[in-house]
Amino acid sequence: MQRPGPRCFFGFIAVALLYITIEGVTVHLSRANPGAHDVENRAWVATGRSWVDRQMCRWFELCGTQHMLFTSGWTWREGRDDDPPRSPGFVPFWDSGTEDPDKWSQREKVLREIPDYVFAHAPYVHLFSGEEFWPSDIGEHLAHISPNLNYTLIKGVEDECNLTRLDELNTIPNSKHGRFVYLQSDDNVEEHPSWLTSDHNIPSPPRSRLDLGPDDAWPGKDESEYDDTRPEQQKVLMNHEEKAGTQDADSTSLGDPIPSTNGRCGGNSGFTCEGSSFGQCCSIHGWCGRADLYCDTYCDPLHGICKDLVHPPPETPKMDLRKRGTESRAAQARQHSFGKSNAPAILVVVKKGNGTVDAFWFFFYSFNQGQKVLNIRFGNHVGDWEHTLVRFHDGKPESVFFSEHDFGSAYTWEAVEKYLPNPDGSDTMLGTLSNATIAAVAKRPVTYSAFGSHAMYPTPGLHPYILPFGLLHDQTDRGPLWDPTLNVKSFTYDSHNRTVRASTLNPRAPTGWFDYAGRWGDKYYPLSDPRQYRIAGQYHYVDGPTGPKFKRLGREEVCQKKGT
């Protein structure tokens, strides 16, 4: 994690000092009758180890500034030295429900059914190509936490820290029905333990040429399939077809893409545009080039270099995205499931009546990396729940909601991009934004997960919010494609009596975790913690989030908060 430097720090202070001084003094003098929040804030400030730091915090809202300059204190070792053994896939956690599906009545089964149209219109998710904190399994997450009542460890509740009994933490005395319970990480998160980064859950990449078994068809041999708008590349492709077929078998023995020799890239071509004479950028249409058509909106960052409006081109994606061991080609073909993550997505279907059905697709990450303002990072937190909602009326998709931080945006169904698997059998998707002819048949919307924050957006690119001039922004691109339907745990929810049910697709899935009312991560660290600072009211580390039950599942409008 990049640390803020002294120059950026003092630049930030110079810009904000006047505002902070006026605001801090005004707030300080106006609190003659402090409320609960003020009392907690004063207790937080009192944890500071330096008298100067405490006074700077009280009067000028400059809290923990020395922590920003001396970041070596962020990486001390606390808690367990080694991660406990990880159960493969955590299957026992997801098969530990206490209900007996054999005793369900027909009416009960109907209440647990997921309509087919929900899966027919399920979203695809493009994760960011340079992501550092990937999708996580909540079962694995619970294996690395200890429940705290605010900052105090709750002892003797080890048996409740699982998917089946997590809701029993709501009964902890003085916890306000669980609202003051935090799932505190056992490791120092600045050390980036493997359960936090979760790179073992990166969705499986597209097949390369050598991933195909001997009986698999290799599309692209038919001249009629080539793009007639690129005659010069079509000619090169035809001239090099036989030569490339021989060369690739020797050059990509481990399935790694090689620089394109014929202008083709991505999908299952076995080629990347990096180092290719045809251009460094790979478009989602499968061609290398140099213009914005290849390097901007329609750029595939896994098979070439994409244009970055803020930073230099991202480093080559992790090898996990391109190489999956040294298995034989036949073994790889049998195991392949393009877009599948080891971390399950969570589907919650809510029937609202009058033909309205909401399908909430929840995505969990063990860590949210906050955004930078003038190279100073704010808003880190352990645990991160994001969601995309598809609303149906009489079985037809009507609108889509994308969660973004504490807010979000909604679009009509017709407005969002959708994907259709390529009929030629390759792993290249056809998108409605680039191919208008498939708009009538493409059924699954595309959502983009932002770098670090995992906020959901309908398009790739930069997404400024809150602060002017783009000082605070998210960034999305066409990184690894996640198909949540390939590994999903589904539930139905009655928003009137607040009852959750495991669906008939996974009848023994536990539900106790769903009713847990506390936070899925650490409480914002005290001022005495060397990882914590606060500038103008903005913390480096904030509270972890609440779970899906508290995302207004019973909302009338499609937006999460009030408004259209």
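All residue numbers in this chain count up from 1 along the given sequence.
- The side-chain contact (heavy atoms from CB on, under 4.5 Å) test applied to Phe550 returns Arg498, Ala517, Thr546, not counting sequence neighbours.
- Cysteines Cys299 and Cys281 keep their SG atoms at least 2.5 Å away from one another.
- Taking the salt bridge (Lys or Arg N to Asp or Glu O under 4.0 Å) definition, one finds that Glu417 meets it with Arg478, sequence neighbours left out.
- Listed by chain and number, the residues in a salt bridge (Lys or Arg N to Asp or Glu O under 4.0 Å) with Asp515 are Lys549 (sequence neighbours excluded).
- Cysteine sulfur proximity is not satisfied for Cys295 and Cys306, their SG distance being 2.5 angstrom or more.
- Judged as a ring pair (Phe, Tyr, Trp, His ring centres under 6.0 Å), and not counting sequence neighbours, the contacts of His454 are Tyr365.
- Thr171 meets the side-chain contact (heavy atoms from CB on, under 4.5 Å) test with no other residue; sequence neighbours excluded.
- Every ring pair (Phe, Tyr, Trp, His ring centres under 6.0 Å) that Trp520 has, sequence neighbours left out, goes to Phe364, Trp385, Tyr516.
- Every ring pair (Phe, Tyr, Trp, His ring centres under 6.0 Å) that His121 has, sequence neighbours left out, goes to Phe392, Trp413.
- Applying the salt bridge (Lys or Arg N to Asp or Glu O under 4.0 Å) rule to Lys523 yields the partners Glu40; only residues at least two apart in sequence or on another chain are considered.
- Residue pairs meeting the salt bridge (charged side-chain N to carboxylate O under 4.0 Å, His left out) criterion with at least one member in residues 455-465, sequence neighbours excluded, do not occur.
- For Ala415, the side-chain contact (heavy atoms from CB on, under 4.5 Å) partners two or more places apart in sequence, or in a different chain, are Tyr411, Thr412.
- Taking the six-membered ring for Trp and thresholds of 30 and 60 degrees, Trp94 and Trp513 have ring planes more than 60 degrees apart, a perpendicular arrangement.
- With sequence neighbours left out, the side-chain contact (heavy atoms from CB on, under 4.5 Å) criterion links Ser528 to Thr47, Arg49, Pro526.
- Scanning for ring pair (Phe, Tyr, Trp, His ring centres under 6.0 Å) contacts around Tyr539 gives Trp44, Tyr524, with sequence neighbours left out.
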